[in-house]
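I have placed the structure first, in the form of structure tokens, so that the comments after it can refer back to it.
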Amino acid sequence: MSFSAEMSREIVKPTLGSRARTFFTVLGAIYVALLLLLTIPWVQTHALFMNAVKLPLFAQYDNPEIYGMAPGKVANMKIVTPDNHTLGAWFILSDNVYQSMPFPPPPDAAENSVHEALASQPTILFLHGNTATRAFYVRVRQYSGFSSRVRANVLAIDYRGFGDSQGTPSETGLMIDSRAAWDWLITNGAKPENIVIVGHSLGTGSCFEARGLIG
């Protein structure tokens, strides 16, 4: 191979510096593209709430036993908000009420015991974080702990746009949903002083907003 041909090959061969410049140029373009996408309201909403991530997939909300809940302990409920959105919710009985039932309980045991449970036991209104649904396994473990260790009922809602709930999430919408859940508890026999609102992640903001609306 001639000296001139070898020199030509060396000239066209990319250097480490040029590769690094190309890498950072592409990385910067991706970053700018993401920033531009975040100016689109639809993308902003989904980036904040991540409600499109519906875990578990193809959830069977009317069959909570498959997610680890005890038979007859959970009522699959529907709550209608003041602005006419229907929310999916689970009402989990306190162990104090559940263990007083004959075993095995009938399929509608939880639905038939809502008023008794709310009148006799404290209740936790659980407002979950972004992503996933009320049937997500981590949340199911939390419900079980609240009902067995704290001996409290639990009302766990899916905000609008989450799970099987109608609508699209928004900050105002989450406030309305939280207040609707509180009103549902009061309407069905709970006393305000016997309700504790527990929020996780995104639900923490909803918790404080709900407290402000209720107070």
Side-chain angles (χ1 to χ4, degrees), residues 56 59-128 132-160 162-167 174-200 203 206-207 210-211 213-214:
Q60 300 178 39
Y61 301 105
D62 57 350
N63 191 14
E65 289 82 6
I66 67 176
Y67 303 109
M69 301 304 297
K73 189 177 184 178
V74 181
N76 186 44
M77 315 296 296
K78 298 295 182 184
I79 297 174
V80 180
T81 67
D83 57 345
N84 205 33
H85 285 77
T86 300
L87 309 179
W90 278 355
F91 182 80
I92 301 99
L93 296 174
S94 161
D95 268 16
N96 288 341
V97 175
Y98 183 69
Q99 292 175 358
S100 69
M101 297 177 176
F103 192 85
D108 57 352
E111 288 87 342
N112 294 335
S113 301
V114 167
H115 295 283
E116 174 195 348
L118 288 173
S120 63
Q121 306 298 322
T123 298
I124 291 173
L125 172 54
F126 185 81
L127 304 174
H128 67 63
T133 71
R134 65 187 184 277
F136 191 48
Y137 77 97
V138 173
R139 293 168 186 161
V140 170
R141 291 173 62 183
Q142 291 173 318
Y143 313 152
S144 297
F146 290 141
S147 64
S148 62
R149 294 182 178 274
V150 184
R151 300 277 171 163
N153 308 305
V154 181
L155 177 64
I157 67 168
D158 272 323
Y159 313 110
R160 61 189 63 201
F162 285 78
D164 56 346
S165 298
Q166 299 174 343
L174 266 62
M175 291 168 54
I176 295 171
D177 298 344
S178 303
R179 179 57 194 255
W182 172 277
D183 290 342
W184 184 90
L185 290 172
I186 299 300
T187 300
N188 283 278
K191 296 178 180 178
E193 60 268 26
N194 289 338
I195 302 173
V196 176
I197 306 176
V198 174
H200 175 253
S206 300
C207 175
R211 285 170 61 92
L213 287 172
I214 293 159

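Quantities reported herein were computed from a predicted structural model and do not represent experimental measurements.
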Practice prompt. Might you point out which heavy atoms bring Tyr61 and Ala135 nearest each other, and give the distance in Å?
Written response: CE2-CB, 4.1 Å
Fill in: Exercise: identify the closest heavy-atom pair between Pro105 and Pro71
CG-O, 3.2 Å
Worksheet item: Which residue pairs pass the salt bridge (Lys or Arg N to Asp or Glu O under 4.0 Å) test with at least one member in residues 73-89, sequence neighbours excluded?
Response: Lys73-Asp95, Lys78-Asp164, Asp83-Arg160
Worksheet item: Which of these, Ile186, Val97, Leu185, Ile195, sits in a side chain to side chain contact (heavy atoms under 4.5 Å, CB included) with Leu118?
Response: Leu185
Worksheet item: Got a sec: does the CG of Asn84 have more than 12 other heavy atoms crowding it under 6.0 Å?
Response: no
Worksheet item: Quick one: OG1 on Thr86 to CE on Met77, what's the gap to the nearest 0.5 Å?
Response: 13.0 Å
Worksheet item: How about Arg151: does its CZ atom have over 12 heavy atoms from other parts shown lying under 6.0 Å from it?
Response: yes
Worksheet item: Can you list the steps and then say if Gln142 with Val198 is a side chain to side chain contact (heavy atoms under 4.5 Å, CB included)?
Response: CA-CA 11 Å; Gln142 291 173 318; Val198 174; over 6 Å; no
Discussion item. Would you say that Ile92 contacts Phe146 through its side chain, given a criterion of any heavy-atom pair below 4.5 Å between the two side chains?
Written reply: no
Worksheet item: Gly72 and Ala109: which non-hydrogen atoms are nearest, and at how many Å?
Response: O-CB, 3.8 Å
Item to complete: Measure across Ala75 and Ala110 and return the closest heavy-atom pair with its distance rounded to 0.1 Å.
Response: N-CB, 3.5 Å
Worksheet item: Shortest non-hydrogen contact from Asp158 to Ser165?
Response: O-OG, 2.7 Å
Discussion item. Quick check for you: to the nearest 0.5 Å, what is the distance between Glu65 atom CD and Gln60 atom CD?
Written reply: 10.5 Å
Discussion item. Could you check whether any side-chain heavy atom of Ile176 comes within less than 4.5 Å of a side-chain heavy atom of His85, counting everything from C-beta outward?
Written reply: no
Worksheet item: Would a 4.5 Å heavy-atom cut-off, applied to side chains only, mark Ile79 and Phe91 as touching?
Response: no
Discussion item. For the OG1 atom of Thr81 and the CZ atom of Arg179, what is their distance to the nearest 0.5 Å?
Written reply: 13.0 Å
Worksheet, complete the sentence: Heavy-atom nearest pair, Ser94 first then Asn153, reads N-OD1, 2.9 Å
Worksheet item: Given side chains that start at C-beta, do those of Trp90 and Val140 come closer than 4.5 Å, heavy atoms only?
Response: yes
Item to complete: Measure the shortest side-chain to side-chain distance between Tyr159 and His128 over non-hydrogen atoms and say whether it is less than 4.5 angstrom.
Response: yes
Worksheet item: ring-ring contact (aromatic ring centres under 6.0 Å, His included) with Phe126: which residues, sequence neighbours excluded?
Response: Tyr143
Worksheet item: If we only count heavy atoms from C-beta on, is the Ile157 to Leu127 side-chain gap below 4.5 Å?
Response: yes
Discussion item. Could you check whether any side-chain N or O of Asn188 sits under 3.5 Å from a backbone N or O of Trp184, counting only pairs where one atom can act as donor and the other as acceptor?
Written reply: yes
Worksheet item: How about Val196 and Pro122: do any of their side-chain heavy atoms sit closer than 4.5 Å?
Response: no
Worksheet entry | Donor-acceptor pair, side chain of Ser147 and main chain of Ser144, under 3.5 angstrom | yes
Fill in: Test item: Tyr67 and Pro56 side chains (from C-beta on) under 4.5 Å apart, heavy atoms
yes
